J.: 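My questions all concern the structure below.
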Amino acid sequence: MVVPSLRLQDLIEEIRGAKTLAHEREVIQKECAQIRASFRDGDPLQRHRQLAKLLYVHMLGYPAHFGQMECLKLIASPRFTDKRVGYLGAMLLLDERHDAHLLITNSIKNDLSQGIQPVQGLALCTLSTMGSAEMCRDLATEVEKLLLQPSPYVRKKAVLTAVHMIRKDPELASIFLPPCAKLLHERHHVPQLVQILRTLVTAGYSAEHSISGVSDPFLQVQILRLLRILGRNHEESSEAMNDLLAQVATNTDTSRNAGNAVLLETVLTIMDIHSAAGLRVLAVNILGRFLLNSDKNIRYVALTSLLRLVQSDHSAVQRHRSTVVECLQETDASLSRRALELSLALVNSSNVRAMMQELQAFLESCPPDLRADCASGILLAAERFAPSKRWHIDTILHVLTTAGTHVRDDAVANLTQLIGEAQELHAYSVRRLYSALAEDISQQPLAQVAAWCIGEYGDLLLEGNCEEIEPLQVGEEEVLALLEKVLQSHMSLPATRGYALTALMKLSTRLQGDNNRIRQVVSIYGSCVDVELQQRAVEYNVLFQKYDHMRAAILEKMPLVDRSDPQVVEGQKENKAGPQLLEAAALVPTEPQATKLLDLLDLLGDTSGHAQHLPPLEPSPGEALVQLLDLPCVPPPPAAIPSLRVFEREGVQLDLSFVRPVETPTLLLVTATTTNSSREDVTHFVCQAAVPKSFQLQLQAPSGNTIPAQGGLPITQLFRILNPNKATLRLKLRLTYNHSGQPVQEVFEVDSLPVETWQ
């Protein structure tokens with residue numbers, strides 16, 4: 001018994017009614033067998049119905065390739081019902097990978113030549129969807145003729161097809177340019193669009209197109225989007241639609257979602273065209289009403305749109321500041337994030353105190369994924385609009401105590417700089433930071449700033465003469481115990497321990513009691529597994545022993561550093577492991593960075609296999625003090641020796657400049673300056689050098705390890721080369737860095753140095 005084939009509607013209902021995936025497969029397999037049998041029988045009246053069912057099966061993801069040839073037969077049929085399904089099947093089942101698509105070229109050509117607009121539209125849609133470059137070249141002439149047809153329906157589809165053809169074969173552009181130039185001179189249609197939209201708003205077209213009392217909102221939205229494109233950067237068109245947009249904004253019903261959609265498109269159009277100031281205020285007020293809507297999607301759209309407007313219409317958006325701040329408490333993460341971005345954008349000098357209170361309250365309760373953005377935004381706003389230094393210090397301190405682990409990397413350096421500049425607030429700052437650190441040592445940025453401040457101004461902490469806060473009685477043993485607690489805590493980072501250890505050293509000159517406890521702690525960390533901390537402790541031990549007479553002078557309070565100094569800015573980026581008070585390389589100038597050069601000893605022919613220890617180069621007292629305080633080296637006077645560019649690759653250049661001090665003719669000071677003119681930052685930059693055995697080389701610490709893109713601040717490094725025999729100087733350099741996401745290593749020899757560098 002032959003099972004009758006299902007209708008398309010019945011097939012859809014049966015597939016949707018399947019309880020399991022196996023049942024669905026069974027229904028589809030059975031129906032595909034019926035479709036194959038019908039194709040073999042060749043019934044022309046049933047072919048388009050069977051192909052329609054097969055296309056539905058294809059959209060569900062099941063194989064339907066056996067219907068490709070049936071598409072060709074239906075396209076060649078003279079009946080419109082067959083052509084419609086055949087062209088749809090060709091768009092779904094055929095593409096450039098199947099040779100069968102070339103077989104419909106003649107059918108498309110014949111249909112384009114006919115005067116039947118629906119058939120021409122079907123052929124043009126199919127050609128613009130799956131036409132290959134070969135098909136486009138064969139049918140370009142027919143499409144060119146249709147570009148100048150009187151029917152706008154055909155012209156529109158012909159233009160879209162021409163765009164597809166040019167993308168497939170750019171050489172076809174010469175064919176379509178002349179007719180497109182004529183199309184540009186057609187009648188300007190903004191007035192007609194304005195009139196249509198005005199009719200929709202005032203009278204409406206027909207009741208069957210109304211949705212929730214809004215006359216054809218889909219058509220209104222499309223017209224508004226088109227007006228937005230036509231009015232952008234065009235004052236005449238913008239003036240023609242200003243009154244209409246005001247009419248739409250005031251007459252549209254906002255109680256239904258359809259009306260809200262039309263209003264949103266109206267607001268976006270007002271924002272993009274040359275609209276009047278009053279109209280833009282009206283648009284902002286509409287978005288403000290959206291913020292009070294119960295629908296989360298509408299509130300999100302309003303926040304996003306206001307964020308776009310805040311730069312151009314800041315005062316108008318400010319009127320809705322209280323509503324925006326209330327949105328910070330939204331339970332939806334996307335809403336609260338948008339509200340945070342808009343709240344930060346609304347901060348200015350007149351409302352900074354009130355806005356910071358709201359944002360700090362939000363910081364305490366916000367989700368963890370928003371805490372970093374909130375903390376960063378508060379710090380930036382406070383730095384830009386702080387009404388006083390004390391308020392600024394309190395704000396940063398609150399952020400550090402609330403979300404210390406989420407703050408930006410430069411927060412520590414900025415706060416230490418701010419405290420250092422506010423001399424009248426030193427006592428207040430150190431007491432606030434001591435109290436905060438005593439309550440919580442887990443916040444690492446807070447611990448670092450507090451350790452730095454205690455080390456610098458510990459004497460003010462012990463005096464207890466700050467009248468601005470509640471009196472706090474602190475003893476020397478309590479301060480030392482707190483810093484030791486930071487050193488011993490498993491939560492402390494190596495950088496935090498470095499701050500605490502240096503703070504103890506600073507206190508050795510601030511406290512009046514015995515320094516034996518500090519000596520003992522420092523000596524313990526001389527065998528620490530952390531190399532940086534160990535090196536620091538060893539050098540501090542040397543300072544206690546060999547240079548004890550200089551300890552008080554070396555550990556004086558840090559002088560104020562000018563933020564505008566590029567070398568200081570780079571130094572702050574580089575030195576994060578401690579408070580930048582005392583550098584090891586200057587305390588014991590015997591082998592600075594010698595360990596980094598062990599693998600370079602063979603570069604110039606040294607095959608001895610053992611390290612060459614460089615003898616110390618005695619610095620002058622003033623120079624030693626500068627190095628001990630980790631300040632940028634004072635640049636030498638202008639050199640008479642010409643500079644030399646020794647390296648250039650992908651925008652990264654290394655230049656050497658030379659100076660020979662008059663008082664030490666055998667000493668050559670070489671300044672290596674590395675710049676970056678590329679579009680990507682250079683990171684983890686390290687420059688190593690080696691010289692022959694008869695020379696003595698000493699490398700000083702570079703100014704940083706990151707070179708910003710496009711001519712940012714360069715990295716400078718000083719080489720001190722002692723040439724007692726005045727031999728011909730040869731220098732070998734190794735550069736390692738990351739650029740554009742790729743590691744780079746270059747080793748090269750510089751043997752063309754100017755004669756003045758060694759004679």
Side-chain angles (χ1 to χ4, degrees), residues 388-398 400-401 404 411-441 443-487 495-513 515 517-518 521-522 540 543 551-563 572 575 578-582 628-631:
S388 65
K389 289 185 178 180
R390 175 167 176 172
W391 181 92
H392 194 182
I393 292 173
D394 289 341
T395 301
I396 300 180
L397 183 57
H398 183 273
L400 292 179
T401 55
V412 174
N414 289 343
L415 182 54
T416 55
Q417 174 77 11
L418 180 64
I419 294 173
E421 293 173 351
Q423 185 175 359
E424 69 281 4
L425 297 175
H426 285 172
Y428 171 79
S429 301
V430 70
R431 297 177 75 82
R432 285 289 311 275
L433 285 166
Y434 176 84
S435 299
L437 183 62
E439 293 179 4
D440 183 11
I441 65 171
Q443 304 285 5
Q444 296 304 291
L446 171 65
Q448 293 172 11
V449 177
W452 178 89
C453 197
I454 292 172
E456 288 295 314
Y457 314 116
D459 50 340
L460 301 178
L461 175 64
L462 298 175
E463 289 176 4
N465 57 357
C466 180
E467 301 177 357
E468 301 183 20
I469 60 176
E470 185 179 351
L472 179 66
Q473 298 299 326
V474 182
E476 294 184 1
E477 296 299 322
E478 297 177 76
V479 177
L480 297 179
L482 181 59
L483 292 175
E484 291 180 20
K485 184 179 178 182
V486 174
L487 279 170
T496 306
R497 291 191 174 95
Y499 275 90
L501 190 63
T502 304
L504 286 173
M505 281 299 297
K506 286 276 188 176
L507 290 177
S508 69
T509 63
R510 312 289 196 265
L511 304 182
Q512 303 300 324
N515 290 328
R517 183 172 180 175
I518 298 177
V521 173
V522 171
Y540 291 159
L543 187 59
R551 180 164 50 85
I554 292 174
L555 298 176
E556 288 182 351
K557 293 180 180 180
M558 281 288 292
L560 293 182
V561 182
D562 186 6
R563 291 191 184 189
Q572 290 176 350
N575 300 319
Q580 298 89 35
L581 299 176
L582 192 59
L628 289 170
L629 293 177
D630 196 25
L631 293 178

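All values derive from a computational prediction rather than experimental measurement.
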J.: What's the separation between atom OG1 in Thr509 and atom CZ in Arg551, rounded to the nearest 0.5 Å?
T.: 7.0 Å
J.: For Leu460 versus Ala427, what's the shortest heavy-atom pair and its separation?
T.: CD1-N, 3.8 Å
J.: Residues two or more places apart in sequence or in another chain: which of them pass side-chain hydrogen bond (donor to acceptor under 3.5 Å, both in side chains) with His426?
T.: Tyr457
J.: What distance separates Leu480 CG from Glu477 CD, expressed to the nearest 0.5 Å?
T.: 6.0 Å
J.: Would you give the length of the straight line joining atom CG of Leu501 to atom CD1 of Ile518, rounded to the nearest 0.5 angstrom?
T.: 10.0 Å
J.: To the nearest 0.5 angstrom, please state how far the CZ atom of Arg497 sits from the CG atom of Leu483.
T.: 13.5 Å
J.: Under a 4.5 Å cut-off applied to non-hydrogen side-chain atoms, are Leu504 and Leu487 in contact?
T.: yes
J.: For Thr401, give me all partners under side chain to side chain contact (heavy atoms under 4.5 Å, CB included), at least two apart in sequence or on another chain.
T.: Leu397, Ala436, Leu446
J.: Grab the two heavy atoms, one from Ser508 and one from Leu555, that are nearest each other, plus how far apart they are.
T.: OG-CD1, 4.0 Å
J.: Taking atom CZ of Arg390 and atom CG of Leu418, what is their separation to the nearest 0.5 Å?
T.: 13.0 Å
J.: Do you know which two heavy atoms are closest between Ala451 and Ala503, and how far apart they sit?
T.: O-CB, 3.2 Å
J.: Which residues pass the side-chain hydrogen bond (donor to acceptor under 3.5 Å, both in side chains) test with Arg510, not counting sequence neighbours?
T.: none
J.: Taking all atoms of both residues into account, what is the closest heavy-atom pair of Cys453 and Ser429, and its distance?
T.: SG-C, 4.2 Å
J.: Among all residues two or more places apart in sequence or in another chain, which pass the side chain to side chain contact (heavy atoms under 4.5 Å, CB included) test with Lys485?
T.: Ile441
J.: Before giving the answer on side-chain hydrogen bond (donor to acceptor under 3.5 Å, both in side chains), spell out for Gln448 and Gln444 the whole-Å C-alpha distance, their side-chain angles and the decisive distance to 0.1 Å.
T.: CA-CA 6 Å; Gln448 293 172 11; Gln444 296 304 291; 5.2 Å; no
J.: Looking only at heavy atoms, which two atoms of Leu507 and Ile454 are closest? And how far apart?
T.: CD2-O, 3.5 Å
J.: Could you give the distance from OG (Ser388) to CG (Asp394), rounded to the nearest 0.5 Å?
T.: 8.0 Å
J.: Do you know the tightest heavy-atom contact between Val486 and Ala500?
T.: CG1-CB, 4.1 Å
J.: Of all residues at least two apart in sequence or in a different chain, which pass the side chain to side chain contact (heavy atoms under 4.5 Å, CB included) check with Glu478?
T.: Tyr434, Val474
J.: Going by the rule side-chain hydrogen bond (donor to acceptor under 3.5 Å, both in side chains), which residues pair with Glu476 if we only count those two or more places apart in sequence or in a different chain?
T.: none
J.: Could you point out which residue of Arg432, Arg431, Glu424 forms a side-chain hydrogen bond (donor to acceptor under 3.5 Å, both in side chains) with Tyr428?
T.: Arg432
